[in-house]
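Here is the naming used below: chain letters follow the sequence lines, and residue numbers restart at 1 for every chain.
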There are 4 protein chains.
Amino acid sequence: MGEDRSSRKEAIMKAALSVFSQHGFHAARIEDISREAGVGKGTIYQYFSSKEDLFRAMLIDGMERYVRILQSTVEEEDRVRDRIRVLFQTNLYLARTNSRAARVILEGLTGLGDEMHDWFLGLRENILSSLENLVREGIERGELRPVNPRHAAYLLLGVLHTLAVAGMMGETEDETISDMVLMGLEPR
Amino acid sequence: MGEDRSSRKEAIMKAALSVFSQHGFHAARIEDISREAGVGKGTIYQYFSSKEDLFRAMLIDGMERYVRILQSTVEEEDRVRDRIRVLFQTNLYLARTNSRAARVILEGLTGLGDEMHDWFLGLRENILSSLENLVREGIERGELRPVNPRHAAYLLLGVLHTLAVAGMMGETEDETISDMVLMGLEPR
Amino acid sequence: MGEDRSSRKEAIMKAALSVFSQHGFHAARIEDISREAGVGKGTIYQYFSSKEDLFRAMLIDGMERYVRILQSTVEEEDRVRDRIRVLFQTNLYLARTNSRAARVILEGLTGLGDEMHDWFLGLRENILSSLENLVREGIERGELRPVNPRHAAYLLLGVLHTLAVAGMMGETEDETISDMVLMGLEPR
Amino acid sequence: MGEDRSSRKEAIMKAALSVFSQHGFHAARIEDISREAGVGKGTIYQYFSSKEDLFRAMLIDGMERYVRILQSTVEEEDRVRDRIRVLFQTNLYLARTNSRAARVILEGLTGLGDEMHDWFLGLRENILSSLENLVREGIERGELRPVNPRHAAYLLLGVLHTLAVAGMMGETEDETISDMVLMGLEPR
DNA sequence: AATGAATGAGCATTCATTCAT
DNA sequence: TATGAATGAATGCTCATTCAT
């Protein structure tokens with residue numbers, strides 16, 4: 001029964017991602033989400049207190065999945081430079097294959113109240129910390145030039161973002177960009 | 001008379017920027033814009049055919065101003081590396097001082113039809129070309145390492161975007177990022 | 001349940017007839033209809049897709065009721081001349097007692113698109129055919145002079161219309177008109 | 001100058017007839033009328049106090065023209081039966097060639113206040129009186145059977161109306177109807 | 001718990017009318 | 001007198017949310 005609840009909630013969130021991605025927050029209709037989820041309209045309100053609440057939950061869930069995928073990918077590599085490289089690649093790949101979702105996530109910040117804004121800043125800070133640690137480790141191992149780790153983390157995040165936008169836009173960049181960035185970071 | 005028309009239209013667009021920035025497209029109400037512009041509700045429809053038309057006009061106008069400011073700033077510098085540096089600085093400064101506007105512009109891409117999407121891609125392509133030319137010139141002058149100019153342009157745009165988001169978020173990055181990027185591009 | 005739906009739809013159409021009759025199509029407000037029907041504004045849109053759709057449905061329903069009443073009245077008489085006489089009488093009676101409804105129905109033809117226009121022509125043709133058959137039967141039975149049945153049907157419809165307008169206007173004609181018409185049709 | 005005023009007013013009423021005929025009262029826009037009349041929007045309010053006032057004036061003017069044409073046609077004939085015959089013919093012809101105008105006049109009665117309703121009843125009464133006199137004269141001359149003149153007038157008006165609707169609908173009746181009516185009225 | 005019929009707040013847009021020029 | 005830019009009242013329709021079943 002707890003299973004049922006859980007799976008039903010997930011079905012709704014999945015449908016929400018689909019519908020919000022296609023129409024954006026305001027144009028998406030609760031009824032469409034309920035139909036896509038295969039539940040009644042009222043049922044959604046058993047799991048989420050409002051449309052906005054559902055959007056928040058979906059956004060948070062989506063982002064956390066996204067970050068988790070990136071993390072797991074990174075952990076498979078040993079050398080820091082390879083980690084950065086697969087980070088870029090996977091990021092681009094995900095953005096390409098989920099361009100609609102990526103777009104609605106980018107949109108998600110506006111008009112959704114300070115609570116979300118703060119949550120987003122927190123998530124961003126987490127990612128920056130991870131990247132910072134990655135750079136610091138690279139420096140310690142001698143794989144990267146001794147730059148300011150915080151600033152390098154910003155640079156990496158920026159490129160991640162750019163590649164996401166590029167993927168979203170349907171552009172097919174190869175990995176030369178990451179090479180250039182790494183060149184700026186590598187020793188010598 | 002042409003002046004009056006013109007100034008009234010500008011007043012409306014200015015008010016639109018303000019209101020759209022605060023609430024986003026859907027939550028913004030025409031009546032609020034008209035009040036802020038100091039005109040009647042109906043007057044807006046003398047200059048713009050719909051809420052969406054007004055939003056589009058405001059977005060295009062805002063972006064063109066933004067790009068024009070960046071261009072004029074760049075032209076004041078002589079060396080390519082300095083141009084890139086002021087480009088980053090000005091971009092960050094503008095994003096910081098117009099964070100609300102920057103946010104609505106970033107949001108602007110979603111859900112506004114293919115016409116806008118195409119216009120945006122066109123603008124993006126223009127900017128990329130300019131950056132590409134900048135890099136090419138830098139390479140010719142020996143100021144930059146002989147990288148693929150197109151890819152370098154992508155990198156630069158990405159950093160511009162990132163800095164804009166950083167500025168938008170109220171973060172106060174210094175210019176170390178641009179230094180790192182430039183290190184990745186500089187000869188040797 | 002089907003009952004509930006049905007009765008609610010009927011309540012709305014009844015209220016629509018009342019309100020449209022009082023103010024005409026454009027001046028009638030959906031909110032007034034919903035109030036008179038005792039339902040919420042939105043409920044109307046569960047049963048009818050637009051104000052115009054509601055008007056059409058009401059018009060068609062009203063006309064069909066009207067025609068049905070006339071038909072049932074006619075069928076109670078045996079002789080053709082008596083049928084024509086009760087046709088005129090009932091028509092005048094209905095127009096008198098439903099003058100507002102009659103007016104909005106007469107108005108209904110204007111500005112409602114070709115679909116309605118075609119529907120109306122079809123209804124008119126049906127009525128003309130019935131009248132034509134009535135005249136033909138009268139001729140065969142020797143009750144009427146051998147006139148062109150089609151043209152006689154036109155004449156009868158014309159008088160029906162006139163009497164309807166007269167009834168609508170509150171005038172109280174007696175049946176002398178039908179006598180005159182019948183005189184024009186009777187043998188010899 | 002008085003001429004100018006007069007001709008300008010006529011131009012506006014002519015344009016009003018055209019535009020009201022095409023769209024009906026509510027859907028017609030003052031601006032379209034002013035454009036078609038070749039005057040400024042405000043100018044209309046120098047001659048008419050409101051849209052409704054203009055509609056009234058146009059309706060009255062149109063009906064009076066209509067009646068005047070019918071009268072002049074009738075006066076050209078000598079025998080009563082021929083007068084009735086040309087009355088039917090001209091009426092049908094006018095309705096055919098001015099079907100749009102005929103339609104808006106038929107529509108005109110609804111929702112325009114009691115003042116118009118009264119005016120219309122008065123006009124109708126005038127026409128009925130004329131027809132009544134015509135019938136009376138026909139009886140005195142022995143051209144018509146000694147029927148109740150008032151009731152015969154009703155019959156004639158009814159046929160006029162029917163023929164008008166038929167003409168409006170684009171139907172092409174010949175004059176058999178008038179023959180039938182006359183048969184009902186002729187002596188013996 | 002699940003449903004979906006019912007609800008009504010909310011808003012873009014139109015257009016008759018005014019009035020400064 | 002003529003104009004048309006400016007105005008804002010008025011209303012059809014949508015859709016998030018509720019609640020009786």
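- In this entry the distance linking CD1 of A:I33 with P of E:dG4 reads 16 Å, nearest Å.
- Using a 4.0 Å cut-off, no side-chain N or O of A:R8 falls inside it from OP1 or OP2 of E:dA1.
- As judged by a 4.0 angstrom heavy-atom cut-off over every strand, A:Y47 is placed among residues touching the sugar-phosphate backbone only.
- One interatomic measurement links the two molecules: CD of B:Q46 to C1' of E:dA12, which rounds to 16 Å at whole-angstrom precision.
- A:D32 has its CG atom 13 Å from the P atom of F:dT14, to the nearest Å.
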Query - Dot-bracket notation for DNA chain E, counting Watson-Crick and G-U pairs under 3.5 Å, with | for partners on another strand - result: .||||||||||||||||||||
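- Proximity of a side-chain donor or acceptor of D:Q46 to a complementary backbone N or O of D:G42 within less than 3.5 Å is not detected.
- The shortest distance between the side-chain N/O atoms of A:R35 and the OP1/OP2 oxygens of E:dG4 is not below 4.0 Å.
- A straight line from CD1 of D:I44 to C1' of F:dG4 spans 12 Å, rounded to a whole angstrom.
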Tabulated below should be each protein N or O lying under 3.5 Å from an N or O of nucleotides 15-17 of chain F; please produce it.
from	atom 1	to	atom 2	distance (Å)
F:dA16	OP1	A:A28	O	3.2
F:dA16	OP1	A:K51	NZ	3.0
F:dA16	OP2	A:I30	N	2.9
F:dT17	OP2	A:Y45	OH	2.8
F:dT17	OP2	A:K51	N	2.9
F:dT17	O4	A:K41	NZ	3.3

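- Considering NE2 of C:H23 and CZ of C:R29, their distance stands at 8.0 Å, rounded to 0.5 Å.
- Nearest approach of C:A37 to C:A11, heavy atoms of both residues: CB-O, 3.8 Å.
- Across all their heavy atoms, A:A57 and A:F48 have their closest contact at CB-CE2, 3.7 Å.
- Separating the CG atom of B:D53 from the C1' atom of E:dT13 is a distance of 14 Å, rounded to the nearest angstrom.
- The CZ-P distance, from C:F48 to F:dG12, rounds to 15 Å in whole Å.
- Atoms CZ and CH2, on B:R124 and B:W119 in that order, are 13.0 Å from each other to the nearest 0.5 Å.
- For the atom pair CZ (D:R8) and CD1 (D:I44), the distance works out to 11.0 Å, reported to the nearest 0.5 Å.
- In plain terms, the two heavy atoms of A:F25 and A:K51 that are nearest each other are O-NZ, 3.0 Å.
- Between D:K14 and D:E10 there is no salt bridge, since no side-chain nitrogen of the basic residue lies less than 4.0 Å from a carboxylate oxygen of the acidic one.
- For the pair B:L54 CG and E:dC11 P, the interatomic distance rounds to 16 Å; values are reported in whole Å.
- From B:L59, atom CG reaches atom CG of B:L54 across 10.5 Å, with rounding to the nearest 0.5 Å.
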